[in-house]
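Structure first, commentary second.
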There are 2 protein chains.
Amino acid sequence: MTYSEENYIKVIYHLSLVSPKGINTNAIAGMIESKASSVTDMVKKLAEKELVDYQKYQGVTLTQKGLHAAKMIVRKHRLWEVFLVEKLDFTWDEVHDLAEELEHIKSEKLINRLDEFLGFPKEDPHGDPIPDRYGQMIKVEKQLLSEVGLNKKVMCLGVKDSSPSFLQYLDKHQISLGSEIEIINKEAFDMSLTILMNGKEILISNKIAGNLFVKVM
Amino acid sequence: MTYSEENYIKVIYHLSLVSPKGINTNAIAGMIESKASSVTDMVKKLAEKELVDYQKYQGVTLTQKGLHAAKMIVRKHRLWEVFLVEKLDFTWDEVHDLAEELEHIKSEKLINRLDEFLGFPKEDPHGDPIPDRYGQMIKVEKQLLSEVGLNKKVMCLGVKDSSPSFLQYLDKHQISLGSEIEIINKEAFDMSLTILMNGKEILISNKIAGNLFVKVM
DNA sequence: AATAATTTTTAGTTTTGTCTAAATTTATTT
DNA sequence: AAATAAATTTAGACAAAACTAAAAATTATT
Ligand SMILES: [Mn+2]
Ligand SMILES: [Mn+2]
Ligand SMILES: [Mn+2]
Ligand SMILES: [Mn+2]
C-alpha cells in the first residue's frame, strides 16, 4: 500500500464511523483536499486491490481487508501521538500533523514494540481509542457537551475536533481530559453555555460545546 | 525536499567521505539501485535547488547547503537507530531498514526532542558518529582490523558494513562493540586471521576483518 | 593520433497520482 | 413527467521519478 492509498483508506474509515452508508466521492475529496475526479481514480484502484467495494455512482464501503488496514493505520497514528506526548513532551495540539507522517512507517514489529513501550495505552491524547494489534478497541460511552441537559455534572473525555486552534482554546481555559464541568445555563438564542469549572464560571459557545465529548457523572 | 531527493543527497554524502573528488553518476546509481540515466536527471534537479554543484561529465559535489542537509538526514537515521535499539529492544541488525524510512520524517523539533530523550548519544549502534543539530560530530580514530599488525591488542569500535548478514555473523561469534581482540596469526595466502577473544581462538576471513573498525590499545 | 571501450547524457516511454473540462448519471424541483 | 441542479465519472493532460535505447563525451589502448 502506498502513502496515498493509506490516506484514502483512513479517510474512508473515519467517514464510515459517522455515516454507515456508502461513502461518496465528494466527502472523500473534501477530507483529503483533492478533487472528486482524483477520488474516482483512486477508488477504482482500491477496489482492484479489494480494499473497498465500489459501484459507480453508489459510493464506497471498506471490505473486511480494508477495514483492518484502516484500523492499523489509526493504531499507528494514535500510538505515535501517545509517544510524542508521553515521552517527548509534545503538547496535544502539536502531535497530529507529525502522526500523519509517522502513521505510514511500515513495520508491524515496530508498532507492536512501541505499544509495549508505552504500556499498551487504550486512548490517545485526544481521548480517541487505540486499536490493539487485532483491531479491537474500547468503546467508551460519551456524548457531546452541547447535548447534555442543564445542571448536569460531566467529565471531559475527548475532543471531536483535534485542530491546534481548538485544543489551544481548551488549554487557555484550562479544560483538559478529566476536567469536571457543571452546566449552569443554556442561552436559548445561540445555545451558548455557562459552565462551572473549578469554582469559576465560563461562557462557551455552542460550537465549542459541540466539539467536546463528555460523560455525565 | 522529497523522499527521493533526500536519498540521493545522503548517498552523495556517504560517497564523498570515501572519495573527496566529484562523485560520478555510476557510483550513485550503484548505491541507490537505479540507473545512470535516472541519476543524471535527479542530479540536475538537485543542482537546480543548489544542493549540489554539477558540471556535465564531471560528477557532483555537495554544496554547503547540501552537506548540511545530508548531515541532518544522517543525524535522523542514526538517532532513530539508537531509539530502536535502546528503547524498543531491537537488535543492531534489524534497525537499518527501519531507519531508512524514519529518516525522512520531517521535523527538526521531533528529532531534537528524540536526541534529548536518548541522552544526546554520540554514536549509533554500529559505532557511527551522530551529528548534533549543527552538524558537528565526534571523530574517533579507528582502523580496519585487516590493517592491524600481528600480536596487537585491539578493541572493536564499529562496522563498515552494517548489513544484517554481517552483523549476525558477529553476533554468532560474540563479537560486539567493546570486544577486545588479539591478533595471533595472519595467513599469508588468503590474509585470514586467527584472533584471540575471551580466551578463545577464532579464525576469521580477510573480508570479515576488512569490515570491522578497531582501535589499537 | 586514431581507435576502441567506458561513462555519461539525451530522447522518448512508463507509472503514479494529480488536475481541468466535458460528459454522464442521479437527485431535486417545478 | 420534464426540466434543472448536483454529484460523479470519463477523457485528456501534466509533473515526478523511474526506465530503455541511442547519442555524445571522456578515458584507455593500440
Ligand atoms: Mn491525530
Ligand atoms: Mn488523536
Ligand atoms: Mn543504518
Ligand atoms: Mn547505523
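Letters A, B, ... are given to chains in the order of the sequence lines, protein chains preceding strands, and every chain is numbered from 1. Bear in mind that the values here come from a model prediction, so they are computed numbers and not experimental data.
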Tell me whether the OP1 or OP2 atom of C:dT16 has a side-chain N or O from A:Tyr8 closer than 4.0 Å.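 A:Tyr8 to C:dT16 OP1/OP2: no side-chain N or O under 4.0 Å.
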Does the side chain of B:Thr2 get closer than 4.0 angstrom to OP1 or OP2 of D:dA16 through an N or O atom?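 For B:Thr2, the contact criterion (side-chain N or O under 4.0 Å from OP1 or OP2 of D:dA16) is not met.
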[X] has an atom [atom1]; how far is it from atom [atom2] of [N], in whole Å?
{"X": "A:Lys35", "N": "D:dT10", "atom1": "NZ", "atom2": "C1'", "result": "17 Å"}
{"X": "B:Leu46", "N": "D:dA16", "atom1": "CG", "atom2": "P", "result": "13 Å"}
{"X": "A:Ile23", "N": "D:dT8", "atom1": "CD1", "atom2": "P", "result": "11 Å"}
{"X": "B:Lys21", "N": "D:dT26", "atom1": "NZ", "atom2": "P", "result": "17 Å"}

Let's go through A:Leu157 and A:Val214 carefully: what are the C-alpha distance in whole Å and the side-chain angles of both, what is the deciding distance for side-chain contact (heavy atoms from CB on, under 4.5 Å) to 0.1 Å, and is it a yes or a no? CA-CA 5 Å; A:Leu157 291 186; A:Val214 299; 5.8 Å; no
Anything under 3.5 Å between a protein N or O and an N or O of nucleotides 5-10 of chain C, put it in a table, one pair a line.
unit_1	atom_1	unit_2	atom_2	d
C:dT8	OP2	B:Asn26	N	3.1
C:dT8	OP2	B:Asn26	ND2	3.3
C:dT9	OP1	B:Tyr54	OH	2.5
C:dT9	OP1	B:Tyr57	N	2.9
C:dT9	OP2	B:Thr25	OG1	2.9
C:dT9	OP2	B:Thr40	OG1	2.8
C:dT10	OP1	B:Lys56	NZ	2.7
C:dT10	OP2	B:Lys44	NZ	2.4

Worked check of side-chain contact (heavy atoms from CB on, under 4.5 Å) between A:Val52 and A:Ile12: CA-CA 9 Å; A:Val52 299; A:Ile12 294 167; 4.1 Å; yes
Quick one: list whatever passes side chain to side chain donor-acceptor pair (under 3.5 Å) with A:Thr91, sequence neighbours left out.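 A:Thr91 satisfies side chain to side chain donor-acceptor pair (under 3.5 Å) with A:Asp93, A:Glu94 once adjacent residues are dropped.
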Do B:Asp132 and B:Arg75 sit within salt-bridge range, that is, some charged N less than 4.0 Å from a carboxylate O?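 Looking at B:Asp132 and B:Arg75, the cut-off is not met.
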If you apply the rule side-chain contact (heavy atoms from CB on, under 4.5 Å), what do you find for B:Tyr54 with B:Thr40, and how did you get there? CA-CA 10 Å; B:Tyr54 167 62; B:Thr40 302; 3.8 Å; yes
Would B:Lys87 and B:Phe117 count as a cation-pi pair here, with the cationic atom under 6.0 angstrom from the ring centre and within 45° of the axis?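 So B:Lys87 does make the cation-pi contact.
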